[in-house]
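Data block below; observations after.
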Protein chains: 2
Amino acid sequence: MLVNKQTINIAVVDDHPIVIEGLQKILPQAFSITDIKEFVTGISFINFLKEKLVPIDVVLLDITLPDRSGIDLCKEIKLLSPTTRILAFSNHNERSIILEMLQSGASGYLLKNVSATELITCIQEALNNEITFSQEVKEILARADVSALKQLPSLTRREKEVLKMIAEGKTSIEIAKELFVSPLTIETHRRNLMQKFDAKNVAALMKLASELKLV
Amino acid sequence: MLVNKQTINIAVVDDHPIVIEGLQKILPQAFSITDIKEFVTGISFINFLKEKLVPIDVVLLDITLPDRSGIDLCKEIKLLSPTTRILAFSNHNERSIILEMLQSGASGYLLKNVSATELITCIQEALNNEITFSQEVKEILARADVSALKQLPSLTRREKEVLKMIAEGKTSIEIAKELFVSPLTIETHRRNLMQKFDAKNVAALMKLASELKLV
DNA sequence: TTGAAAATACCAAAAAACCCGTAGATTAAA
DNA sequence: TTTAATCTACGGGTTTTTTGGTATTTTCAA
């Protein structure tokens, strides 16, 4: 597939200068690149795209950035520049995060421990409009485990509110006073919460809520 | 301090090839290095040290490695080669982890988002037998926050056991049956747990335990 | 405007948790 | 071999949660 060097415009959004240096060493070996556009913050890349001076073919996008989440950034990039292929480039190996990035418009997902050859292959595939993953990501996606299936129940605004207050150790009566409703109402919310989480009591409820980062 | 390029032997233990590439681009700009010794696993570096062919002046040590924890590795390195200066090179920005690395013999701690110049300065300082931190690490160490002080209460074996079972949603009676003790005993454990965590009820207890990753 | 979802509310009883204090037996460390 | 910590256990009480069924009012989107 790789006959000779293609000329592409590539950008990197990553707050790790070392990583950027590494990419600058590797990428020119495989691609013809005038220069790699580097960005340390999400906002700076967005501003660059808005100027529309150079169309970007591929952007390697870190998820953990100082200013905003890579998930949100991904959506914004895709809206501003739909032809740009976004490759998430991250240390996060959680299935949920990978899928969320794809949902947000990413064309692939690479873990930062990829080898140089793997990285190049993935960029190639992305340029061919294929979806692409590094080896380890493929394995993560392959093992669709059960725990992922018990996805977080959808809670109403009030339920989330009550859940947080339960986590703070407040009793139903205290919560009721604070929210200006009847304690009986809180009891109902409580019951619905436990039903949604399939929890036997608050202890189990809090453990699940905690794992799902809802409190 | 930097009059002219020093000749040093430097090693990198990191499972991210990209990072290694980046270092290979940056370090030769400041130091005279024959070649940077690269290791992707902890065990391979240990084996290298055992051969004692080349004395290593400085090693940049990632904490998250495929085979073993950087903390343990750090101790082993220091025992095998006491003159080697170890610089932790990691993404972890938790105060506790930084201190643990120092406790294990590291001469400094750098976050992976350091700039090239900062990295070079730190290596310089390490070579001068000084302890050294990247800017962000200094700030982390400076803000000795209160939350760190309310360290995790020391739980007895039995208490940890009971805590886990509470998290599973079991009642005191169920736990008592499972552990072949009186329910009253479990109630006592429960009470002591809540006292140690300064929690008003199980909900608050579970939240704290969850945050401290005890369940 | 008309449903469906959400938030509100009640009753009553059983179960569990929480709060006091106290204290013997068993381990493990000094 | 003492001490200190841990595990065990009790009584007696109050408070809170949990369970089960039911039902009215708001709110929001189709």
Side-chain angles (χ1 to χ4, degrees), chain A residues 75 79 103-104 149-215, chain B residues 75 103 149-215:
Chain A
K75 290 178 193 161
L79 288 173
Q103 200 94 45
S104 305
L149 292 178
K150 58 164 186 185
Q151 66 229 337
L152 69 163
S154 67
L155 303 183
T156 69
R157 201 171 313 143
R158 203 50 150 180
E159 282 166 350
K160 281 181 202 156
E161 207 175 355
V162 172
L163 182 62
K164 284 205 185 75
M165 296 174 87
I166 294 174
E168 289 166 16
K170 291 172 180 155
T171 67
S172 294
I173 296 170
E174 289 169 341
I175 297 172
K177 272 198 187 121
E178 206 164 319
L179 297 181
F180 303 105
V181 296
S182 156
L184 298 164
T185 302
I186 303 302
E187 303 263 299
T188 305
H189 286 312
R190 233 190 162 92
R191 205 183 332 177
N192 292 337
L193 277 168
M194 294 205 296
Q195 210 159 57
K196 284 188 178 181
F197 277 91
D198 196 24
K200 242 190 81 195
N201 51 34
V202 267
L205 174 67
M206 289 311 310
K207 195 202 170 194
L208 288 170
S210 225
E211 279 170 0
L212 297 170
K213 297 179 209 309
L214 291 172
V215 290
Chain B
K75 290 177 194 161
Q103 201 94 44
L149 292 180
K150 59 160 187 185
Q151 65 231 337
L152 68 164
S154 67
L155 303 183
T156 68
R157 203 172 310 144
R158 203 52 150 180
E159 282 166 351
K160 281 181 201 155
E161 205 176 356
V162 172
L163 182 62
K164 286 208 184 73
M165 295 175 88
I166 294 173
E168 288 165 18
K170 290 173 181 156
T171 67
S172 293
I173 296 171
E174 288 168 342
I175 296 172
K177 273 200 186 115
E178 207 164 318
L179 297 182
F180 302 106
V181 294
S182 156
L184 297 166
T185 301
I186 302 302
E187 301 267 314
T188 304
H189 285 313
R190 232 188 164 94
R191 212 184 335 167
N192 293 336
L193 277 168
M194 294 206 296
Q195 214 159 53
K196 285 189 177 179
F197 278 91
D198 195 25
K200 241 190 82 197
N201 52 35
V202 268
L205 174 66
M206 289 313 308
K207 196 203 170 194
L208 288 169
S210 223
E211 279 170 0
L212 297 170
K213 298 181 208 305
L214 291 172
V215 289

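Lettering follows sequence order; numbering is per chain, from 1.
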With B for base contact, S for sugar-phosphate-only contact and - for none (protein heavy atoms under 4.0 Å), nucleotides 14-30 of chain D reads --SSBBBB---------

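Taking 4.0 Å as the cutoff to heavy atoms of chain A, we find the contact window on DNA chain C bounded by C:dA6 to C:dC10.
A donor-acceptor pair under 3.5 Å links the side-chain atoms of B:Asn201 to the main chain of B:Ala204, judged by distance alone.
Of all the heavy atoms in A:Leu214 and A:Phe197, the pair that sits closest is CD1-CZ, 3.6 Å. A:Lys196 and A:Leu155 get closest at one heavy-atom pair: CD-CD2, 3.7 Å.
By the 6.0 Å contact criterion, CD on A:Gln103 is open, its count of non-hydrogen atoms from other residues, nucleotides or ligands being 12 or less.
Applying the salt bridge (charged side-chain N to carboxylate O under 4.0 Å, His left out) definition to pairs two or more places apart or across chains, those involving residues 200-209 of chain B are A:Glu174-B:Lys200, B:Lys207-B:Glu211. Within the structure, salt bridge (charged side-chain N to carboxylate O under 4.0 Å, His left out) pairs that include any residue of residues 178-192 of chain B comprise B:Lys170-B:Glu178 (at least two apart or interchain).
Comparing the end axes of the helix from C:dT1-D:dA30 to C:dA30-D:dT1, each fitted to five base pairs by superposing C1' atoms of four pairs onto the next four, gives an inter-axis angle of 70° (nearest 10 degrees).
Checking the phosphate oxygens (OP1, OP2) of D:dC10, a side-chain nitrogen or oxygen of B:Ser182 falls inside 4.0 Å.
Residue contacts shown for A:Thr185 include a base, since a base heavy atom lies under 4.0 Å away.
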Go through B:Met206 and A:Val202 one step at a time and tell me if the side-chain contact (heavy atoms from CB on, under 4.5 Å) criterion holds.
CA-CA 9 Å; B:Met206 289 313 308; A:Val202 267; over 6 Å; no

Checking B:Leu163 against B:Leu205 for the side-chain contact (heavy atoms from CB on, under 4.5 Å) test, could you report, in this order, the C-alpha distance in whole Å, the side-chain angles of both residues, the deciding distance, and whether it holds?
CA-CA 9 Å; B:Leu163 182 62; B:Leu205 174 66; 4.0 Å; yes

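With rounding to the nearest 0.5 Å, the separation of OG1 in B:Thr156 from CG in B:Leu193 is 7.5 Å.
Every residue meeting the side chain to side chain contact (heavy atoms under 4.5 Å, CB included) condition with B:Leu179, not counting sequence neighbours, appears here in chain and number order: B:Arg158, B:Glu161, B:Val162, B:Met165, B:Ile175, B:Val181, B:Ile186.
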